[in-house]
Protein chains: 2
Amino acid sequence: MTELEKGPLGRRRGRGARERILGASQQLFREQGINRTGMDQLCAAAQVSKRTAYQHFTGKDELVAEYLRRFDPDVMPGVFDRTDLTPRERLLAAFDMPASMPLCPYIAAAVELHDPQHPASRYAREYKVAIAARLAETAREAGATDPEQLGEQLALLIDGASARTRVTNSESFSTAAAIAAVLIDNAIPASAAGRADDGRDTAASAPVRAGGR
Amino acid sequence: MTELEKGPLGRRRGRGARERILGASQQLFREQGINRTGMDQLCAAAQVSKRTAYQHFTGKDELVAEYLRRFDPDVMPGVFDRTDLTPRERLLAAFDMPASMPLCPYIAAAVELHDPQHPASRYAREYKVAIAARLAETAREAGATDPEQLGEQLALLIDGASARTRVTNSESFSTAAAIAAVLIDNAIPASAAGRADDGRDTAASAPVRAGGR
DNA sequence: CGTTATGGATACCGAGCTGTGTACTTAACG
DNA sequence: CGTTAAGTACACAGCTCGGTATCCATAACG
């Protein structure tokens, strides 16, 4: 409710502590990773005393979990609500990642924390499953014969692009998007791409034409 | 040269230090991660004194890099040399991962170390590029129209399966293999898989070029 | 104005980490 | 056997980390 911390805050930095902490988390955890970011540094960046930080969060673990939860509204889910796009376009739009995306924070957290029971790891799992579900849902809208499968496939592509971008330090989302286009057109019987080939079976037969966009 | 450390070593633990250290690294770095494995614990597991460890490796960084280099001969590269398989089968065999594969160690190292300049991160990058190259090479053998693209695509699928298996804690390599099969068959003009569609030149004139963007 | 919740500064604790120094023991080999 | 390289045992330095305690300042609100 209190939106006052958004003010110029010129006089003082008080009262917006929690938001400032989470803001600094977004930046530091992504830039340096979770394990390499100490609470001291984080509090300094947030201009918050350590005491205050530990009054808002019982510990770093809880802070990390909350930090992950704050990603939701910003990135991925947005594309699913874009009514200006066809379902097929929405599926492909999920591969338009901002360049400022070093590594999907959910994957990063799962790897860094290395404990599947950690609240943040649990949430990362839930999130990944939810994204796959939304992809599947959109795939159904697009008329895919097996939406669940297509959703899982596209989710895998996104994760692959994210991981590979990080490791090889080369943009991989375009490669993933290309694959996605193939899979989508293969999964939709009479594709909106207009290409009706004589049925038979799916996989090898359909020439793809990922032309859209 | 000394292969004597392979003996029963019943009497004492001396003399095989380096190998024991690397052996313990394989186990502990994978089970617990790199950052969460201290040199003390590692030396204890290897039954090696700390002093000895630091005589073999200048520091943990070097040990981690060497640990990564030791993965090569075991896993992936093996499939490329299997002459009993057709090129297409070899490409698909790359997706047969042992269940004991929590997360590709190269991805894990790149994420955990979080420093692209770290020797281990550099090596991880080289390795990933090399694997993509070998996939491309095999793709060429298999007759793919654009082997480089197919190689990169398959590499992305492998990384995606690895990352997703870790985060969602559910086997994803079968999904990746299914996608791979589609991509391979789409990329090979008249597939060696016996799936002859009626000659008509699909790939030549109706290019599969999924590569939009 | 006065009260109170919130936040700030800072010192500190205990633990774990990488890495070293010192002195001793043992295995390998001629 | 004697030499030498390899390994052992263990303490310790120096640092960072997560988390706590104490004391003080101030902003919000009646």
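Just so you know, these numbers come straight off a predicted model, no measurement behind them. The sequence lines fix the lettering, A, B, ..., with proteins before strands; numbering per chain opens at 1.
- In this structure, the CZ atom of B:R20 is 11 Å from the C1' atom of D:dT8, given to the nearest Å.
- Taking atom CD of B:Q55 as the reference point, atom C1' of D:dA9 lies 13 Å away to the nearest angstrom.
- For the segment residues 32-44 of chain B, the set of residues with a heavy atom within less than 4.0 Å of an atom of DNA chain C comprises B:T37, B:G38, B:M39, B:D40, in numerical order.
- Rounded to 10 degrees, the angle separating the terminal axes of the helix from C:dC1-D:dG30 to C:dG30-D:dC1 is 20°, with each axis obtained from five end pairs.
- Applying the 4.0 Å criterion to OP1 and OP2 of C:dT6, one finds that A:H56 has every side-chain N and O outside that range.
- Under the 4.0 Å criterion applied to side-chain N and carboxylate O atoms, A:R134 and A:D81 are assigned as salt-bridge partners.
- No side-chain heavy atom of A:S170 sits under 4.5 Å from any side-chain heavy atom of B:R125.
- Side-chain atoms of B:S49 lie closest to D:dT8 of the nucleotides C:dG7, D:dT8, C:dG8.
- Under the 4.0 Å criterion applied to side-chain N and carboxylate O atoms, B:E19 and B:R70 are assigned as salt-bridge partners.
- Under a 4.0 Å N-O distance rule, the pair A:R69/A:E66 qualifies as a salt bridge.
- The ring-ring contact (aromatic ring centres under 6.0 Å, His included) pairs that include a residue from residues 20-61 of chain B are B:F29-B:Y67, where partners are two or more places apart or lie in different chains.
- If you take CZ of A:F57 and P of C:dT6, they are 14 Å apart, rounded to a whole angstrom.
- Judged as a ring-ring contact (aromatic ring centres under 6.0 Å, His included), not a single pair has a partner in residues 158-187 of chain B (not counting sequence neighbours).
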Atom pairs, N/O to N/O, protein against nucleotides 20-22 of chain C, distance under 3.5 Å?
unit_1 : atom_1 : unit_2 : atom_2 : d
C:dG21 : N7     : B:R51  : NE     : 2.9
C:dT22 : O4     : B:R51  : NE     : 3.3

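- Between B:R82 and B:E89, no side-chain nitrogen of the basic residue sits less than 4.0 Å from a carboxylate oxygen of the acidic one, so the salt-bridge criterion is not met.
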Worksheet item: What's the verdict on side-chain hydrogen bond (donor to acceptor under 3.5 Å, both in side chains) for A:Q32 and A:T37, showing C-alpha distance, side-chain angles and the deciding distance?
Response: CA-CA 6 Å; A:Q32 320 180 338; A:T37 301; 3.1 Å; yes

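- Contacts between residues 59-67 of chain B and DNA chain C, counted as heavy-atom distances below 4.0 Å, involve B:G59, B:K60.
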Worksheet entry | Stepwise salt bridge (charged side-chain N to carboxylate O under 4.0 Å, His left out) check, B:E152 with A:R164 | CA-CA 10 Å; B:E152 182 64 26; A:R164 196 157 177 82; 2.9 Å; yes

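- B:L183 is listed as a side-chain neighbour of B:L157, based on a closest heavy-atom distance under 4.5 Å.
- Between B:T52 and the phosphate of D:dA6, there is no side-chain N or O to OP1/OP2 separation shorter than 4.0 Å.
- Ion pairing between A:R88 and A:E141 fails under the 4.0 Å rule for side-chain N and carboxylate O.
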Worksheet item: side-chain contact (heavy atoms from CB on, under 4.5 Å) between A:M97 and A:C104: does it pass, once the steps are laid out?
Response: CA-CA 10 Å; A:M97 280 290 142; A:C104 163; over 6 Å; no

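- Between B:Y123 and B:Y106, the two ring planes are tilted [angle within 30° to 60°].
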